[in-house]
S.K.: 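Let me begin by handing over the structure; questions about it come next.
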2 protein chains.
Amino acid sequence: MANDQVLTKEAILDAAEQVLRRYGPDKTSVVDIAKALQVSHGTLYRHFPSKTALREAVTERWLQQSVAEPLSAIIEKQHSDADEALHMWLKTLIEIKRSASLNDPEMFAMYAAVTLDATAIIAEHIDSLTGQIEVLLERGKVSGAFRYDQPADRLARAVFSATAKFHHPAHAAEWTGESADEEFGSLWKLLLSGLASSK
Amino acid sequence: MANDQVLTKEAILDAAEQVLRRYGPDKTSVVDIAKALQVSHGTLYRHFPSKTALREAVTERWLQQSVAEPLSAIIEKQHSDADEALHMWLKTLIEIKRSASLNDPEMFAMYAAVTLDATAIIAEHIDSLTGQIEVLLERGKVSGAFRYDQPADRLARAVFSATAKFHHPAHAAEWTGESADEEFGSLWKLLLSGLASSK
DNA sequence: CAAATGACAAAAAATGAATATTGTTTTTAT
DNA sequence: ATAAAAACAATATTCATTTTTTGTCATTTG
């Protein structure tokens with residue numbers, strides 16, 4: 001029995017996300033999602049080629065909405081100093097992940113699972129984030145806040161790698177300890193010193 | 001049937017490691033290890049309180065022998081420059097882990113599993129490694145190669161965290177890509193710049 | 001015609017009884 | 001008295017069976 005509305009990809013993703021939050025990524029079946037939409041499960045295969053593709057689409061949208069977009073807002077904000085902006089950007093990335101692992105555990109588990117498969121979606125997401133870092137690095141170079149001779153895209157990846165312990169889902173268990181903030185503080189001082197160093 | 005020799009902890013660890021390499025950490029039972037020693041499995045419980053403790057003891061010894069000791073040899077070597085020594089130390093740590101994941105997959109899997117439980121053994125191992133970094137940082141400060149105002153132990157942990165992507169077992173799948181060396185190269189440049197920076 | 005359904009086969013997951021393993025206690029041997 | 005072996009519950013693992021889930025497709029509906 002079809003709904004009164006046409007069945008869009010977005011509507012399927014909305015339902016999938018809702019069911020996923022309720023049952024968790026392991027216990028959610030395609031039939032469960034179809035039931036929530038009051039359609040037969042076969043219908044979903046007209047919109048997504050496989051359950052895997054559907055899971056990835058849900059994760060991709062979540063990464064875009066919950067991670068990439070809030071971070072890009074920081075870049076728009078035009079901070080006085082590039083180092084301050086980068087500091088805020090990294091702290092925000094870390095806080096988004098930490099908060100998701102605590103307050104949205106099912107979506108976070110979904111994201112962590114998709115990350116393990118090292119799919120193209122994750123690679124693209126990382127490209128997008130390191131692209132944002134690159135903008136801040138270049139802005140800082142122009143303003144004189146940063147000095148570096150590496151290509152900005154490689155340096156951006158180095159900054160992202162260096163902070164992986166604080167935002168990669170594999171390390172989520174280590175984020176609860178009280179010393180995590182202090183540890184990131186030390187790392188930031190070191191990185192800033194490397195970025196701001198006069199030659 | 002007891003062996004001619006007395007049953008020592010070391011002999012048990014030797015046998016456990018051997019059996020573990022053959023069957024893998026998931027398929028190895030206490031009975032398998034006892035069989036290799038030609039003793040009854042109950043006997044092993046006089047030496048180790050549980051299978052978990054035995055697994056941890058095997059891992060602890062492996063971490064000491066295969067990771068901590070080779071690295072401490074680098075520190076003894078007294079390189080001309082502290083930055084060169086730290087660079088070598090980090091590259092060696094990374095190479096030990098990479099090589100173990102490829103050439104000693106069962107022990108590496110064991111280590112990765114123990115790491116997930118975040119046991120005291122791992123914390124102690126990390127303390128030991130960051131202690132080694134601390135020595136190099138302090139040596140570099142004395143020689144003038146490094147300049148920093150953070151406490152050396154915190155800075156050592158920052159260096160260790162910053163390089164986690166290249167030595168933490170959760171990231172092993174990412175070590176096969178050809179760009180891994182280049183990526184570490186970028187990160188090292190950034191870290192060195194931060195450590196060597198004049199204020 | 002476009003879109004959804006529902007029946008279907010293949011693959012994957014859950015079940016449960018049989019088997020093996022773990023960890024403790026008791027017994028045996030020296 | 002000391003240390004290994006044997007016996008023994010409590011868990012955990014296997015494995016054959018049943019059930020669910022996935023993905024396809026011919027048919028139906030609007």
S.K.: Distance check needed: C/dA3 P versus A/Lys9 NZ, whole Å only.
M.R.: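 For the pair A/Lys9 NZ and C/dA3 P, the rounded distance is 12 Å.
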S.K.: What is the distance, to the nearest angstrom, from the NE2 atom on A/His47 to the P atom on C/dA3?
M.R.: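 After rounding, the reported distance stands at 8 Å.
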S.K.: What is the distance from CZ of B/Phe48 to P of C/dT24, rounded to the nearest Å?
M.R.: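 Distance, rounded to whole Å: 15 Å.
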S.K.: Grab the CD1-C1' distance between B/Ile33 and C/dA20 for me, whole Å please.
M.R.: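 It works out to 15 Å between those atoms.
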S.K.: OP1 or OP2 of D/dT14 sitting under 4.0 Å from any side-chain N/O of B/Lys27?
M.R.: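 Result: yes.
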S.K.: Among A/Met107, A/Arg22, A/Glu106, whose side chain to side chain contact (heavy atoms under 4.5 Å, CB included) with A/Glu17 holds?
M.R.: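 Considering A/Met107, A/Arg22, A/Glu106, a side chain to side chain contact (heavy atoms under 4.5 Å, CB included) with A/Glu17 is found only for A/Met107.
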S.K.: Do the ring planes of A/Phe184 and A/Phe166 sit parallel (below 30°), tilted (30 to 60°) or perpendicular (above 60°)?
M.R.: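 Correct class here is perpendicular.
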S.K.: Is the distance between the ring centroids of B/His171 and A/His171 less than 6.0 Å?
M.R.: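 Ring centres of A/His171 and B/His171 closer than 6.0 Å.
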S.K.: Produce a footprint string for nucleotides 22-30 of chain D: one letter per nucleotide, 5' end first; B if the base is under 4.0 Å from any protein heavy atom, S if only the sugar-phosphate is, - if neither.
M.R.: BBB------
S.K.: Over how many whole Å does the gap from A/Tyr23 atom OH to D/dT20 atom P extend?
M.R.: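 Checked: the OH to P distance equals 15 Å.
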S.K.: Are any side-chain N or O atoms of A/Ser128 and backbone N or O atoms of A/Glu124, one a donor and one an acceptor, separated by less than 3.5 Å?
M.R.: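 Such a contact is absent between A/Ser128 side chain and A/Glu124 backbone.
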S.K.: Can you check the A/Leu44 CG to C/dA4 P distance for me, whole Å?
M.R.: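 To the nearest whole Å, that distance equals 10 Å.
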S.K.: Which whole-number value in Å describes the distance from A/Asp26 CG to C/dA12 C1'?
M.R.: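 Going from CG in A/Asp26 over to C1' in C/dA12 covers 14 Å.
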S.K.: State which residues pass side chain to side chain donor-acceptor pair (under 3.5 Å) with A/His125; sequence neighbours excluded, sorted by chain then number.
M.R.: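 Testing A/His125 for side chain to side chain donor-acceptor pair (under 3.5 Å), a comparison that skips the adjacent residues, returns none.
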S.K.: Expressed in angstrom and rounded to an integer, what is the separation of A/Gln38 atom CD from C/dG6 atom C1'?
M.R.: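 Whole-Å distance recorded here is 17 Å.
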S.K.: Hey, are A/Asp14 and A/Arg61 close enough for a salt bridge, meaning a charged N less than 4.0 Å from a carboxylate O?
M.R.: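 Salt bridge between A/Asp14 and A/Arg61, a charged N being under 4.0 Å from a carboxylate O: yes.
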